[in-house]
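Heads up: the structure comes next, in structure tokens.
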Amino acid sequence: MTPSPTSQVSLAHAADLPRLFDVWHLSVRATHDFLADSDIAFLMPFVRDELARVAAEGLLHVLRAADDVPYALLCVEHTKIEMLFVHPDHRGSGAGRSLVRHAIGSLHATAVDVNEHNTQAHGFYRHLGFIAENRSERDPFGQPFPILHLKLAEMA
């Protein structure tokens, strides 16, 4: 019997960080078409630092392929999903749904922020039981990319 994707969630290792950065980068390129190349370049150093920090703190969870290479990542801090990215080759495979279920069931996540312009992500989280609670006009860096603050409907 094949284990469910949720049972295959494991913690990231420092050696995974280059691959996880690639997963983030490719995922953002595939889903954040509202960002210019310069916006992504601005985020790169921050993302590298955050991936290293959350991995070192044991907060970075991954799904791995049969060859042990990670293809999806999740970070939950203080009951909030802070990162969820799936390699474009694995989009639509259930990886994101499995990670969100893990985040809710095992890590007690109740909230997530999404870029308002990322309608796919907003629809994905809505389908999984999240509702909009609030909205910010700017992203955490002060850029004009509105953020939707979502909460699990049962927690709202």
Side-chain angles (χ1 to χ4, degrees), residues 1-13 15-52 54-55 59-77 79-132 135 139-141 143 145-153:
M1 180 177 172
T2 304
S4 71
T6 301
S7 67
Q8 297 173 8
V9 175
S10 63
L11 288 176
H13 309 292
D16 296 326
L17 290 174
R19 169 64 178 182
L20 294 174
F21 179 80
D22 289 343
V23 168
W24 168 81
H25 188 237
L26 293 168
S27 177
V28 166
R29 290 274 182 201
T31 59
H32 291 63
D33 58 358
F34 55 92
L35 292 178
D37 289 345
S38 60
D39 297 320
I40 295 171
F42 170 81
L43 293 171
M44 288 174 141
F46 173 77
V47 171
R48 281 188 204 279
D49 289 348
E50 278 300 286
L51 286 171
V54 296
L59 300 173
L60 191 56
H61 303 261
V62 298
L63 287 174
R64 297 175 185 278
D67 60 3
D68 206 39
V69 175
Y71 63 88
L73 64 98
L74 164 77
C75 173
V76 174
E77 286 189 277
T79 71
K80 183 177 173 191
I81 297 171
E82 294 289 353
M83 293 184 215
L84 176 67
F85 296 97
V86 177
H87 191 284
D89 291 348
H90 293 271
R91 286 186 67 211
S93 70
R97 182 174 46 253
S98 292
L99 287 173
V100 170
R101 286 183 177 149
H102 178 74
I104 295 167
S106 299
L107 305 174
H108 314 292
T110 60
V112 64
D113 289 346
V114 296
N115 288 99
E116 184 174 65
H117 294 103
N118 189 345
T119 56
Q120 289 178 25
H122 185 212
F124 168 77
Y125 285 111
R126 205 173 44 243
H127 179 73
L128 293 174
F130 288 84
I131 58 172
R135 180 181 183 274
D139 72 9
F141 298 101
Q143 298 300 312
F145 300 115
I147 301 295
L148 297 174
H149 307 285
L150 310 179
K151 204 148 199 75
L152 269 177

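Residues: numbered from 1 along the sequence shown.
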- prompt: Rounded to the nearest 0.5 Å, how far does CG of Asn115 lie from CG of Leu148?
  reply: 8.5 Å

query: Closest heavy-atom contact between Met83 and Leu51?
result: SD-CD2, 3.8 Å

field: For the student: nearest non-hydrogen atoms of Glu77 and Val54, plus distance
entry: OE1-CG1, 4.1 Å

field: Phe124/Phe130 aromatic ring centres below 6.0 Å
entry: no

query: Less than 4.0 Å between a side-chain N and a carboxylate O, is that true for Asp113 and Lys151?
result: no

query: Do Phe34 and Asp39 have side chains that get closer than 4.5 Å, going by heavy atoms?
result: no

query: After noting the C-alpha distance and the side-chain angles of Ile81 and Leu74, does the key distance pass the side-chain contact (heavy atoms from CB on, under 4.5 Å) rule?
result: CA-CA 7 Å; Ile81 297 171; Leu74 164 77; 4.0 Å; yes

query: For the atom pair CG (Leu17) and CG (Asp22), what is the distance rounded to the nearest 0.5 Å?
result: 11.0 Å

- prompt: Do Leu43 and Trp24 come close enough that some side-chain heavy atom pair is under 4.5 Å?
  reply: yes

- request: Mind checking the OH-CZ spacing from Tyr71 to Arg64? Nearest 0.5 Å is all I need.
  value: 11.0 Å

statement: Rounded to the nearest 0.5 angstrom, the CD-CD1 distance for Glu116 and Ile147 is 9.0 Å

- prompt: Are Asn118 and Thr31 close enough that some pair of their side-chain heavy atoms sits under 4.5 Å apart?
  reply: yes

query: Hey, what do you get for OG (Ser10) to CG (Asp68), rounding to the nearest 0.5 Å?
result: 7.0 Å

- request: Could you tell me the separation between the CG atom of Leu128 and the CD1 atom of Ile104, rounded to the nearest 0.5 Å?
  value: 6.5 Å

message: For His32 and Phe85, take the angle between the two ring planes, folded into 0 to 90°, and tell me which bin it lands in: parallel under 30, tilted 30 to 60, perpendicular over 60.
response: tilted

message: Does Arg19 form a side-chain contact (heavy atoms from CB on, under 4.5 Å) with Val69? I'd like the steps, not just the answer.
response: CA-CA 8 Å; Arg19 169 64 178 182; Val69 175; 3.4 Å; yes

